[in-house]
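Chain letters run A, B, ... following the sequence lines, proteins first and then strands; every chain starts at 1. In this text, all values refer to a predicted model and were calculated from it rather than measured experimentally.
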Amino acid sequence: FTKPVPANKTDTWLLGERYLRRFYGMQPGLLGNPKSSDVMTEKIRAMQSFFKLEVTGKLDDNTLEVMKKARCGVPEVAEYN
Amino acid sequence: LFPRKPKWQNTLVTFRVTNYTPDLEKEDVDRAIHNALKVWSVVTPLKFKRLREGIADIMISFGRREHGDHNPFDGPEGLLAHAYPPGIGIGGDTHFDEDEIWTKDSHAYNLFLVAAHEFGHALGMAHSNDPGSLMYPVYSYTSGFPLSEDDIKGIQELYGPNPDHKKVKPQPEAPKKCDPELSIDAVTELRGEVLIFKDRYFWRVHPQFTEPELALIQSTWPQLPKKVNAAYENSEKDIVIIFSGIRMWALNGYTLVPGYPKYIHTLGLPKSIRKIDAAVYISDTGKTLLFTDEEYWSYNEQSGTMDHGYPRSIKDDFPGMQERDGDEVDEVDAATYKNGYLYLYHENLQYEYSYNRRKVVRMMKANDLLNC
């Protein structure tokens, strides 16, 4: 029922980053150390809030599970220009 | 809706299919697109006209990876499709990822459902965070009319209602777990998790999850009916039995057991019983109690037969279940058993019944089990 979480932490982080860039308008080039990235935390929180997940700002199992599901490519929050 | 609420200014919107997927017959693609547009036209004054050449408002195509809009697809799985909100040029255009497998049933990705979602964007709908709505961004299979009340409210805010539309039955909104009036349809354990069924949905309460997870029954088990009446786990047999109407299904883990559905009458119930309201396995006795209207039955799991002396009255055998107005509860919606206590659910309350002391010892809100 639950897809396994990638063992490699970098893979997990890259998956999250790719998802947030695509759907939450996270700008490339702004991110520093994953631990100190407020931008990414903020975007994860927005995503968790939209999907009614527990808002932790972290890439926990439930968040990754939603990120891995098949979906439509229209951003949730980015403004269409 | 999208920021600034873009919409088509005319109620006549044109579309054109520029290419086809090889996964389906052309006629099946045309039918999926026709039906997907109809989903929206039935609740609004919008009309759709097909163009065979030239530029239409909604240009429909299948493509893979970078397909001409600098918004590439990502190969199989992941992104399925995207569409642009109403506007000139690319506005309204709808693209499907050719790397997906497109179907006309519940296997892989149903083109009709994905197209209906994308046309929602092409008409001005943004994403919804109601998991039961068509505009929820994550794919799940569902049968029947796909719009929820949330979808209809959104599209009618842009275009108004269809003045002469036939009554459609929208999908109800997702239940809110902490609604004080929440009642539940069924509850069961499954290998240490608790599954709580309500309308088309079920919550999954896992000891390692901080929050209950809500999902559609049909997206997890497409073979099950949309609504469940009762469920129980026999942990010794490692099986969960799900009841809906006169049929029952068995799950081993999350997998449906072959050979089901079976009729509930094969348990020994009379043909006059058309539905089981609640079911619970009492591990201490090896008996399963089946609640039907104002009575309950006892099923011996070991011998596979109904116990003699049943049905018995719920009100007589489980006294002390009182509603706020003082009326005795004589029917139950759901039931579970734990550590010598039977939990009987009726409307928005649950009654903790001590099996040893033969009385109700506590009353709680039904959604206590959803951490509310």
Closest non-hydrogen atom pair, B/Glu77 against A/Ala70:
OE1-CB, 4.3 Å

Check the pair B/Asn129 / A/Lys52 against side chain to side chain contact (heavy atoms under 4.5 Å, CB included), numbers first and verdict last.
CA-CA 8 Å; B/Asn129 65 356; A/Lys52 297 175 185 164; 4.1 Å; yes

Apply side chain to side chain contact (heavy atoms under 4.5 Å, CB included) to residues A/Glu65 and B/Glu213 and explain how you reach the verdict.
CA-CA 11 Å; A/Glu65 196 180 338; B/Glu213 269 191 7; 3.7 Å; yes

Over 12 non-hydrogen atoms of neighbours within 6.0 angstrom of NZ in B/Lys7
yes

Just so I know, are the side chains of A/Phe23 and B/Pro137 near enough to count as touching, which here means a heavy-atom distance under 4.5 Å?
no

How many angstroms lie between OG1 in A/Thr56 and CD in B/Glu211, if you round to the nearest 0.5 Å?
11.0 Å

Counting only heavy atoms not in B/Ile101, do more than 12 sit closer than 6.0 Å to its CD1 atom?
no

To the closest 0.5 Å, what do you measure between CG (B/Leu79) and CZ (A/Arg22)?
4.5 Å

Could you tell me which portion of B/Asp97 (side chain, backbone, both or neither) has an atom closer than 4.5 angstrom to a non-hydrogen atom of chain A?
neither

Scored by heavy-atom pairs under 4.5 Å with chain A, the best of B/Tyr109, B/Tyr136, B/Phe73 is B/Tyr136

Pick one of side chain, backbone, both or neither for B/Ser140, based on which atoms fall under 4.5 Å of a heavy atom in chain A.
neither

Is it the backbone or the side chain of B/Glu118 that comes under 4.5 Å from a heavy atom of chain A, or both, or neither?
side chain

What part of B/Pro212 gets within 4.5 angstrom of chain A, counting heavy atoms only: side chain, backbone, both, or neither?
neither

Going from CZ on B/Phe96 to SG on A/Cys72, what distance comes out if it is rounded to the nearest 0.5 angstrom?
10.0 Å

Tell me the closest heavy-atom pair linking B/Ser128 and A/Phe50, and the distance in Å.
O-CZ, 3.2 Å

Dump the intermediate steps for side chain to side chain contact (heavy atoms under 4.5 Å, CB included) on A/Arg71 and B/His127, then the final yes or no.
CA-CA 11 Å; A/Arg71 54 159 292 158; B/His127 280 147; 3.5 Å; yes

